[in-house]
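What follows is a set of notes on a single structure, which appears directly below.
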Amino acid sequence: MNETNLETLRHSASHVMAQAVQELFPGVKLGIGPAIENGFYYDFDLPEQLTPEDLVKIEKKMKHIIKQNHKFERVEMKKEEAIRLMEEKGEKYKVEILSELEAEKVTLYKNADFVDLCRGPHVETTGKIKAFKVLSIAGAYWRGIETNPVMQRIYGTAFEKKEDLDKYLENLEEAKKRDHRKLGKELDLFSIHEEAGTGFVYYHPKGATVKNTLENFLKEENLKRGYELVSIPHIAKIDLWNTSGHTNYYKENMYFMQIDEQDYVVKPMNCPGHILIYKRKLTSYRDLPVRYFELGTVYRYEKSGVLHGLLRVRGFTQDDAHIFCRLDQLEDEIISVLDFIHYIMQVFKFDYEVKLSTRPEKYAGTIENWDKATAILEKSLQDRNVPFEVDPGEGVFYGPKIDVKLKDALGRVWQGPTVQVDFNLPQRFDLIYTANDGSKQTPVMVHRAILGSIERFLGALIEHYAGAFPLWLAPVQVSLLPITDSHLDYADKIAQQLQQRGFRVEIDKRNEKIGAKIRNAQLQKIPYMLIVGDKELESETVSVRHRKEGDLGTKNIAEILDQLCQDVDNRA
RNA sequence: GCCGGGAUAGCUCAGUUGGCAGAGCAACGCAUUCGUAAUGCGUAGGUCGUGGGUUCGAUUCCCAUUCCCGGCUCCA
């Protein structure tokens, strides 16, 4: 079944659901019921609050309707006539939609006694809907506008075949198991504390190890590519943010404080800081491009309801860089950022999709510059044979951008790297460089982040790997499992040898049987377990067990070190 | 921020129609010294998220508040 048909099927299912709800709860007012990416929903205005039990009833009723195999009939009528019909039925939301339609004639779809305003198309009969499930209830503003009344939205999904539905439901289960908040607790990675403030992350030793490993990796990769490390304070006087314009268009997200009758801001972004560093001296055209990199921690106030584990927080660290260059250098810079992104993404085995966002209605700078920059972004993508889609008008007001969406092991999509051209800040801060003719010119600025926020990326990584980090990232890389207490000294000796080579090692010294120690190490998703008993002690070896491959047999120290080094090098 | 649901031991959860608070895992102790996913016995652990109210008595009912969960809106 192709996508259009699946959409039709799901949309038809949403009609059936609305019909079921209407039969079960007379007096319900209908909102809208579209097909969405993984299913469909329908919004209802109901005096009583729906419960999970109601969902079961609704699903039953739907099955009944489907069994009766009603025909979906297309009815065309004049708009006024349709408005009258919906007014009679008391469907005020439908009337609202209809009166905003410009067409003279509208279509309605009818199955049995149920009529709904709808563009269609639909499957021929309700009986065509075979594999479906009602999933959940949630509140949703009418037409998505915050000031509108809240409706009850019921989500469901439908597939052509039962196998597809089952697979989807299994996928949902798998996603639940991989939830980074659950794994974060189970693997002792991080916590968020009520008394310290929601949205602020505390990394435990293991989580901090992963974060630190990621950060070191990024630093090295940035240095390799000609970026220079900078570092800026977390607080700056409000004047800086007045110049940058943030106090204007970003103030809802900023933390303010007053000290000695001076207003200060906790930085929500790093760019103004990097700009001050650029401005410390006169820059020659020969010095460009200047590339400043920082693991910059920023603080942004986010509405309480949007916070979500590591994925949406109030304090986070960006792998942020700002490139100051001449317009004629822009293309090369963009291309090398694209290569950089590609390299990093394949390290983590993420597939990705690319979007090019163009000029929005409100914008800073000249149209000529916008067109030039957009053309350069486009050309760079073509140059590297990166397939991309254009998101018209989705650029930031200060310049066009390239957004990269990561696809994880379950096929879910995450916001990833971003590359943004900026004409606005160089002007606001009067950035200049001296051109070869001695004139003062304004450089172009590029904002880019590869991982985006370390917090969000780490959250995505946990789910991508289901908590089983590859060896180079694993907080504990090797667990030594002595068979009995008499092997503790030997385990210590091996551990020291591995530690000296830079590996993160742990010894399970508990008075437990080997089965229990293995189980614990497996649950902690530790890549390598080294079992040591009498045999190993005598022969100066270890028994190697890999968390995925199981028993790998006996190896001597040189062999296991070799294997570990290989895995780290391959980032396997 | 908005709508709805929640908060009980370190973790996962049960429970009280208002009357001394429960299990498994983890921790600790003792025994056991064991070969590839859980050895046995015992000990300790709680202002039942926080603040008010109703009541002879509140973990339970009511109100407020904080935080969490599912969405909406917004976003890295």
Side-chain angles (χ1 to χ4, degrees), chain A residues 41 43 45-46 48-52 135-155 176 179 181-182 185-186 188 191-199 250 252-253 268-270 296 298-320 396 403-404 414-418 420 447 449-460 481-488 510-524 529-536 543-547 549-554:
Chain A
Y41 69 78
D43 286 345
D45 184 359
L46 258 176
E48 63 263 60
Q49 177 59 38
L50 290 168
T51 63
L135 294 171
S136 57
I137 334 162
Y141 302 111
W142 167 237
R143 310 187 105 179
I145 296 165
E146 263 181 287
T147 47
N148 276 351
V150 175
M151 312 198 54
Q152 299 191 58
R153 175 171 298 178
I154 304 181
Y155 284 95
K176 242 186 229 168
D179 189 313
R181 292 165 301 181
K182 185 172 171 318
K185 215 180 256 182
E186 287 171 5
D188 196 16
S191 51
I192 294 167
H193 299 267
E194 187 172 341
E195 63 191 311
T198 178
Y250 208 69
E252 289 75 30
N253 291 325
M269 293 187 188
N270 302 305
V298 295
Y299 296 88
R300 299 180 185 175
Y301 172 78
E302 300 284 353
K303 290 176 178 178
S304 62
V306 306
L307 301 171
H308 184 94
L310 294 179
L311 300 181
R312 191 77 182 271
V313 293
R314 285 177 173 163
F316 57 96
T317 300
Q318 297 177 306
D319 63 328
D320 205 4
V396 205
D403 275 330
V404 179
W414 307 78
Q415 170 57 44
T418 176
Q420 311 179 349
H447 307 249
I450 310 271
L451 302 192
S453 123
I454 306 287
E455 279 66 19
R456 182 175 281 185
F457 189 78
L458 184 55
L481 311 181
I483 300 275
T484 75
D485 290 355
S486 61
H487 309 113
L488 281 174
R510 294 175 308 160
N511 180 2
E512 284 288 357
K513 300 210 290 195
I514 195 65
K517 294 184 182 184
I518 286 170
R519 178 180 153 81
N520 180 258
Q522 286 286 157
L523 290 175
Q524 285 297 305
M529 288 155 262
L530 303 184
I531 295 151
V532 291
D534 286 336
K535 269 193 307 195
E536 292 78 12
S543 278
V544 183
R545 180 186 164 104
H546 186 268
R547 68 179 167 205
E549 283 143 51
D551 196 343
L552 298 181
T554 306

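Proteins get letters first, then strands, A, B, ... in listed order; numbering begins at 1 in each. Only a predicted model underlies this, so the values are computations on that prediction, with no experimental measurement involved.
Remark: side-chain polar atoms of Arg153(A) are not paired, donor with acceptor, to backbone N or O of Ala140(A) under 3.5 angstrom. Here the side chain of Gln152(A) pairs a donor or acceptor atom with the backbone of Leu50(A) at under 3.5 angstrom. With Asp319(A) contributing its side chain and Ile450(A) its backbone, the two residues share a donor-acceptor pair below 3.5 Å. Although no hydrogens or angles enter the test, the distance criterion places no donor-acceptor pair under 3.5 Å between the side chain of Gln524(A) and the main chain of Arg519(A). Listed for the Arg314(A) side chain is no donor-acceptor partner under 3.5 Å among the backbone atoms of Gly199(A). Side-chain atoms of His546(A) never come within 3.5 Å of backbone atoms of Leu552(A) as a donor-acceptor pair (strictly under, hydrogens ignored). At least one donor-acceptor pair closer than 3.5 Å links the side chain of Glu455(A) to the backbone N or O of Thr317(A).
Residue-level contact check: Gly515(A) touches the backbone only, with heavy atoms under 4.0 Å from sugar-phosphate atoms and none from bases. Looking at heavy-atom distances under 4.0 Å, Asn520(A) makes no contact with the nucleic acid at all. At a threshold of 4.0 angstrom between heavy atoms, the contacts of Glu536(A) include nucleobase atoms, whether or not backbone atoms are also involved. Looking at heavy-atom distances under 4.0 Å, Thr147(A) makes no contact with the nucleic acid at all. Contact annotation for Tyr155(A): backbone-only contact, meaning every heavy-atom pair under 4.0 Å involves sugar-phosphate atoms and none involves a base. Val298(A) comes within contact range of no nucleotide atom at all, as no heavy-atom separation falls under 4.0 Å. Counting non-hydrogen atoms under 4.0 angstrom, Gly452(A) reaches nothing in the nucleic acid. If you check every strand for non-hydrogen atoms under 4.0 Å, Glu195(A) touches nothing. Residue Gly144(A) is in sugar-phosphate contact alone, with no base atom involved, counting any heavy-atom pair closer than 4.0 Å across all strands shown. Within 4.0 Å of Gln415(A), counting heavy atoms only, lie sugar-phosphate atoms of the nucleic acid but no base atom.
Distances shorter than 4.0 Å separate none of the side-chain N or O atoms of Thr418(A) from OP1 or OP2 on A76(B). Between Arg181(A) and G70(B) there is a side-chain polar atom (N or O) within less than 4.0 angstrom of OP1 or OP2. Considering only side-chain N and O atoms, Tyr41(A) lies nowhere under 4.0 angstrom from the phosphate OP1 or OP2 of G70(B). Phosphate contact (OP1/OP2 of U12(B), side-chain N/O of Lys185(A), threshold under 4.0 Å): present. Taking 4.0 angstrom as the limit, Ser136(A) places none of its side-chain polar atoms (N or O) nearer than this to OP1 or OP2 of G70(B). Remark: His308(A) is not in phosphate contact with C69(B), judged by side-chain N or O atoms under 4.0 Å from OP1 or OP2. A close approach under 4.0 Å does not occur between any side-chain nitrogen or oxygen of Tyr301(A) and OP1 or OP2 of C74(B).
The nearest whole Å value for the distance from the CZ atom in Arg314(A) to the C1' atom in C67(B) is 11 Å. As rounded to whole Å, 13 Å separates atom P of A38(B) from atom CE of Met529(A). Taking atom CD1 of residue Ile145(A) and atom C1' of nucleotide U73(B), one finds them 10 Å apart after rounding to whole Å. In this structure, Arg153(A) atom CZ and G70(B) atom C1' are separated by 13 Å, rounded to whole Å. Atom-to-atom, CZ of Arg510(A) to P of C34(B) comes out at 18 Å; the value is rounded to the nearest Å. Between the P atom of C68(B) and the CD1 atom of Ile192(A) lies a distance of 7 Å, rounded to the nearest Å. Taking atom CD1 on Ile531(A) and atom P on G35(B), their separation rounds to 11 Å, with Å as the unit. When rounded to the nearest whole Å, the span between CD of Gln152(A) and C1' of G5(B) equals 12 Å.
For the residue pair His447(A) and Asn270(A), no side-chain donor N or O sits within less than 3.5 Å of a side-chain acceptor on the partner.
A donor-acceptor contact under 3.5 Å links the side chain of Tyr141(A) to the base of G1(B). Donor-acceptor pairing under 3.5 Å, judged by distance alone, is absent between the side chain of Glu194(A) and the base of A7(B). Judged by atom type and distance alone, Arg300(A) does not reach the base of C75(B) through any side-chain donor-acceptor pair under 3.5 Å.
The side chain to side chain donor-acceptor pair (under 3.5 Å) with Gln522(A) is formed by just one residue from the set Arg545(A), Arg547(A), Lys517(A); it is Arg545(A).
The NZ atom of Lys303(A) sits 9.5 Å away from atom CG of Asn253(A), with the distance rounded to the nearest 0.5 Å.
A gap of 10 Å separates the C1' atoms of C25(B) and A38(B), to the nearest Å. Between A64(B) and C2(B), the distance separating the two P atoms is 13 Å to the nearest Å. Nucleotides U47(B) and A9(B), compared at atom C1', are 13 Å apart to the nearest Å.
Considering only the side chain of Ile483(A), G35(B) comes nearest among G35(B), A37(B), C72(B). Minimum atom distance to the side chain of Val150(A) is reached by C2(B), of the listed G1(B), C34(B), C2(B).
Of the residues near RNA chain B, Glu302(A) and Ala516(A), the one whose nearest nucleotide (by heavy atom distance) lies more toward the 5' end is Ala516(A). Projected onto RNA chain B by closest heavy-atom contact, Ser304(A) and Glu455(A) fall at different nucleotides, the more 5' of which corresponds to Ser304(A).
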(request) Using a 3.5 Å limit on both pairing distances, list the dot-bracket string of RNA chain B from the 5' end; Watson-Crick and G-U wobble pairs count, crossing pairs take [ ], interstrand pairs take |. (result) (((((((..((((.....[..)))).(((((.......))))).....(((((..]....))))))))))))....
